[in-house]
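These values consider heavy atoms only, across backbone and side chains, with no hydrogens, waters or symmetry-generated copies.
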Amino acid sequence: MSEATKESFTKGNALDGGSEDETVVAVEGGLVVNASGYRDQLKRQYGLLGLSGIALTVDNAWIALGSSISVSILNGGPPGLIFGLIVAVFYYSFIGLGLAEFASSVPTAGGVYHWATIAGGPKWGRILGFFTGWINFYGWMFDLAALVQITANISVNMYVVYHQDTYTYEPWQVYIAYLLVLWIATAVVIFANRIVPHTQNLGMFFVIVGGIVTIIVIAAMPRQHADNHFVWNSFDENNLTGWPGGIAFMLGVLNGAFTVGTPDAITHMAEELPYPKKDLPKAIGLQIGLGFLYAFCFAIALCYAITDLSALTAGGINTYPLANIYAQATANKDGSQNFGATFGLLFIIWCSSFLCCIGTVLTNSRIYWALARDNAVPLSGLFGKVNESLSCPVPAALFVAVVATGLGAIPLGSSVAFLNLTGSFIILSTVSYAIPFMANVLTGRRHFPKGPFNLGRWGTPVNLLAVAFITLFNTFFCFPYAYPTDVETMNYNTVILVGIVAVTGLWWAVHAVRHYPGPKVMTLYIHDDDHDDSKVGIGMRIGRGLGERSVVIHGDTMAGSTQIQDQEKKE
């Protein structure tokens, strides 16, 4: 064994969970290999504060709740909104625990793509990871489109505040704003990577401080508040979906799910953190916990500020009813609109939403780049490239922006497009979580080394409950939004899910069967099923250009000893 290889295990490796350097799996010939099996190409510039900033900004919980209120306002009014949020946070807590455990064990930019590969073991890992990666990527693409749509709607409504007498709403106007927001955010990600951590810290400021200011304003300013019955007990009278109460409520949980539905966002930043194993679980917990606290308080203040519910439902699902709530809450004593207060509240949300778009473009570009460097996408050689001077996978970022440009055009032809964007994000992303959770249970949870955050004996029940909740709610999220339904109001989430799985399956047959070797984490963490359960076997190719040397590690986790053998074999 070479001295360089010995150095790698002094620094830390994937087995010991308590390594001094969490970013190093091995060092051979001066090349440092991270948990993904690659050398670092991105700067590890995010500490826990910066990571938390991205987590809270991308989640944007209270803003997401208010901005997507059209998703659930017909499903029982304020009670449906508030209690739907509570239910969503409850079942997303199990999802967050499972993802935090994975991230603490194997922190890679691939996230659930790599974890599904590892969980599937030597037999199923390659195909499970391939499908999971693509499903997760397209889920995040729908989320990006929904977030940019929200920001574009806010932009238009900020203009409308001072031009209500002359303005006529047209969908194309929102799409123009959509394009400006999307491509400016993409330009920031590509050309201003150094300031991106600061934009996310600023986003955290708007989420936390802006949230406090907004809650105080909409709680204190209204001349008249809604009564307790309207806020807490008016579900039946405000269920305008045509569905029975129970089904209508379950459908309305989609708003709460969209509010907290980004727990894997920061896991794709793992290769830009100096302490990913410790910081990722903390940031996931902070994102869900603090996000719920703000969203819950905001939801209550918002519901008490509503004086005319019909004004929120008249504009359609693709519009922005939160602007009407702000106008009602900040009205002057004579009933006239307080333009400055309404504009100011919208400006707080616009700033946070725009910064959220930057963080989401960042996340999506990292997901696609992680797929490309493993030859899982068309033109992988192009999209797997990183401009190291910009610290950005530029082709992947541009591809994300182009796809989002197309998705943003959907509301031009569909009155329920926003529901399809949000619903598809939740369904696709949670399916991509369920695959590694279930595979991990079925393979006895034996392929993942223990990280600083480990669920231990609770791991299996937590994973199973997460899968059960995902299955239950995704089934309801595929129901038509109203009953009876027609072509115009039909829910197309099922069609989108099946379509993406079918396209991925076709790409698997055409390309992956022969040309997709699987990610390098397969050789890092997957061991043969006939090995003793007390052993963790890792075979790792150190990398091209360093000779045909492979290091195979057998770690006895029971005794705490490590045996390392150098073997000569062709790559």
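- The aromatic ring centroids of Tyr113 and Phe137 lie 6.0 Å or more from each other.
- Judged purely by atom type and a 3.5 angstrom limit, Ser365 uses its side chain to pair as donor or acceptor with the backbone of Leu362.
- Side-chain N or O atoms of Thr430 include one that pairs as donor or acceptor with a backbone N or O of Ile427 at under 3.5 Å.
- Residues satisfying the side-chain contact (heavy atoms from CB on, under 4.5 Å) test with Ser429, not counting sequence neighbours, are Phe425, Tyr433.
- A donor and an acceptor atom, one from each side chain of Asn136 and Asp264, are located under 3.5 Å apart.
- Using a distance-only test at 3.5 Å, with no hydrogens or angles considered, no donor-acceptor pair links the side chain of Trp243 to the main chain of Asn75.
- A donor-acceptor pair is defined here as one N or O able to donate and one able to accept, closer than 3.5 Å; no such pair exists between the side chain of Asn60 and the backbone of Cys356.
- A donor-acceptor distance shorter than 3.5 angstrom exists from the side chain of Trp369 to the backbone of Gly384, with no hydrogens or angles considered.
- Partner of Phe473 under the ring-ring contact (aromatic ring centres under 6.0 Å, His included) criterion, out of Tyr91, Phe90, Tyr92: Tyr91 alone.
- When only modelled atom types and interatomic distance are considered, Gln328 and Thr307 share a side-chain donor-acceptor pair under 3.5 Å.
- A distance-only check finds no donor-acceptor pair linking the side chain of Asn239 to the backbone of Phe235 [under 3.5 Å].
- In terms of heavy-atom proximity, Ile358 sits nearest to Val189 at O-CG2, 3.5 Å.
- Between Glu271 and Arg366 there is no salt bridge, since no side-chain N of the basic residue sits under 4.0 Å from a carboxylate O of the acidic one.
- The closest donor-acceptor contact from the side chain of Asn491 to the backbone of Phe477 lies under 3.5 Å.
- In this structure, Phe296 has its ring center under 6.0 Å from that of Phe292.
- Contact annotation: the side chain of Tyr481 never approaches that of Thr241 to less than 4.5 Å [non-hydrogen atoms, C-beta and beyond].
- Taking the six-membered ring for Trp and the full ring otherwise, the centers of Tyr483 and Phe479 sit at least 6.0 Å from each other.
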| After noting the C-alpha distance and the side-chain angles of Thr151 and Tyr178, does the key distance pass the side chain to side chain contact (heavy atoms under 4.5 Å, CB included) rule? | CA-CA 7 Å; Thr151 311; Tyr178 178 102; over 6 Å; no
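- With a 4.5 Å cut-off on side-chain heavy atoms, Pro393 and Tyr368 do not count as touching.
- Looking only at side-chain heavy atoms (C-beta outward), Cys392 and Asn387 stay at 4.5 Å or farther from each other.
- No close placement of the Phe83 and Phe249 rings is indicated, their centers lying 6.0 Å or farther apart.
- Side-chain atoms of Tyr167 and Gln173 include a donor-acceptor pair closer than 3.5 Å.
- With hydrogens and angles ignored, the 3.5 Å screen pairs a side-chain donor or acceptor of His225 with a backbone N or O of Ala219.
- Between Leu56 and Val207, the shortest heavy-atom contact is O-CG2, 3.7 Å.
- Using cut-offs of 30° and 60° on the angle between ring planes, the pair Tyr162 and Phe343 is tilted.
- Across all non-hydrogen atoms, the minimal contact from Ala270 to Ala109 is CB-N, 4.2 Å.
- Here the side chain of Asn157 pairs a donor or acceptor atom with the backbone of Asn153 at under 3.5 angstrom.
- A donor-acceptor pair shorter than 3.5 Å cannot be found between the side chains of Ser432 and Thr132.
- At most 12 non-hydrogen atoms from other residues, nucleotides or ligands lie less than 6.0 angstrom from CZ of Arg194.
- Counting heavy atoms from C-beta on, the side chains of Thr405 and Trp183 come closer than 4.5 Å.
- Here the side chain of Asn332 pairs no donor or acceptor atom with the backbone of Asp334 at under 3.5 angstrom.
- There is no side-chain donor-acceptor pair under 3.5 Å between Thr262 and Trp140.
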